[in-house]
Amino acid sequence: MGRPAAIDFDHVKTLLKRSAVVFTEEPDGRLEIGGGPEEYLIELDAERGVSCLFGVDMEELRLLVSGSGNEDLGEDELQRVAREHLRPLRRRYEALFTRAGFVEEVRVDAHSYAVAFVKAVAGMPPETVVEWVRWARRPGRAAG
């Protein structure tokens, strides 16, 4: 069983521009999509697919939790606080994304903690990929 065929990312970008979907291309090749709900960031990556990320900046969270005190939370505790902070947003969108075939992931690095709902798009025609991006901008409603 082989890997699904890659998408024609250049064609997808052309179709997004024609559809008036604003995006920024990041140095690593992924696209940050504009025009979605304020609660989450939409990304399109040729390998990963369409991602809707609910995240927190770990340094901002550390400052919020510890305030001006010298209390320093360990990474595990800080991630637990981030998870709890994102829980209401995750719950609000979870069923909607799951019904649409998105898979939940947790992404953690030194700078951020995010819950992502990801729709794999490998092997999809570019027009279908664009429809999923448009859907992510207005979840629960038909793209249009």
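As a basis for the values below, the full set of heavy atoms in this structure was taken, side chains included, without hydrogen atoms, waters or symmetry mates.
Rounded to the nearest 0.5 Å, atoms CH2 (Trp135) and CD1 (Ile42) are 9.5 Å apart. The structure places CE of Met58 at 12.0 Å from CG of Leu63, a figure rounded to the nearest 0.5 Å. Separating the CZ atom in Phe9 from the CG atom in Leu16 is a distance of 8.0 Å, to the nearest 0.5 Å. Separation of atoms NE2 (His85) and OH (Tyr113) is listed at 12.0 Å; rounding is to 0.5 Å. To the nearest 0.5 Å, atoms CE (Met124) and CG (Asp8) are separated by 15.0 Å. Distance check: Glu38 CD to Leu41 CG gives 12.5 Å after rounding to the nearest 0.5 Å.
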So Arg87 and Arg91, side chain to side chain contact (heavy atoms under 4.5 Å, CB included) or not? Walk me through it.
-> CA-CA 6 Å; Arg87 186 181 309 269; Arg91 282 186 177 156; 3.5 Å; yes

Evaluate side chain to side chain contact (heavy atoms under 4.5 Å, CB included) for Leu61 paired with Leu78, printing each intermediate quantity in order.
-> CA-CA 8 Å; Leu61 187 61; Leu78 193 59; 4.1 Å; yes

Does the pair Ile33 and Val22 meet the rule for a side chain to side chain contact (heavy atoms under 4.5 Å, CB included), with working shown?
-> CA-CA 6 Å; Ile33 309 294; Val22 177; over 6 Å; no

Run the side-chain hydrogen bond (donor to acceptor under 3.5 Å, both in side chains) check on Arg107 and Ser112 step by step: do they pass?
-> CA-CA 8 Å; Arg107 299 184 191 170; Ser112 64; over 6 Å; no

Test side chain to side chain contact (heavy atoms under 4.5 Å, CB included) on Tyr93 and Phe102 and set out the steps.
-> CA-CA 11 Å; Tyr93 286 95; Phe102 283 68; over 6 Å; no

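A donor-acceptor pair is defined here as one N or O able to donate and one able to accept, closer than 3.5 Å; such a pair exists between the side chain of Thr98 and the backbone of Glu94. When atom types are taken as modelled, the side chain of Tyr40 and the backbone of Gly55 share no donor-acceptor pair closer than 3.5 angstrom. Looking only at distances, no side-chain donor or acceptor of Lys119 sits under 3.5 Å from a matching main-chain atom of Gly49.
Ala136 and Pro37 get closest at one heavy-atom pair: O-CD, 3.9 Å. Ala114 and Leu86 make their closest contact through CA-CD1, 4.4 Å (heavy atoms, listed as atom of the first residue, atom of the second, distance). Scanning both residues, Pro139 and Leu96, for their nearest heavy atoms gives CB-CD2, 3.4 Å. Here the closest heavy-atom approach between residue Val56 and residue Ala82 is recorded as CG2-CB, 3.6 Å.
Side-chain contact between Val115 and Leu53 is absent, with no heavy-atom pair separated by less than 4.5 Å. At least one side-chain heavy atom of Val133 sits less than 4.5 Å from a side-chain heavy atom of Val21. Within the 4.5 Å cutoff, no side-chain heavy atoms of Glu32 are placed close to those of Phe23. Side-chain contact between Phe117 and Val50: absent, with no pair of heavy atoms (C-beta onward) separated by less than 4.5 Å. Within the 4.5 Å cutoff, side-chain heavy atoms of Val130 are placed close to those of Ser19. Contact annotation: the side chain of Glu127 never approaches that of Glu131 to less than 4.5 Å [non-hydrogen atoms, C-beta and beyond]. A 4.5 Å side-chain heavy-atom check between Glu84 and Arg80 finds at least one atom pair inside the cut-off.
With respect to Arg90 and Glu104, a salt bridge is recorded, a charged nitrogen being found less than 4.0 Å from a carboxylate O. Comment: Arg30 does not engage Glu47 in a salt bridge, judged by the lack of any side-chain N to carboxylate O separation of less than 4.0 angstrom. With salt bridges taken as basic N to acidic carboxylate O contacts below 4.0 Å, none links Arg48 and Glu43. Checked for salt-bridge contact, Glu75 and Arg62 meet the test: a charged N lies under 4.0 Å from a carboxylate O.
Two different hydrophobic clusters hold Val12 and Val118 under the rule that ILVMFWY side chains link at heavy-atom gaps under 4.5 Å. Note on Phe97: it clusters hydrophobically with Val106, by side-chain heavy-atom contacts below 4.5 Å among ILVMFWY residues.
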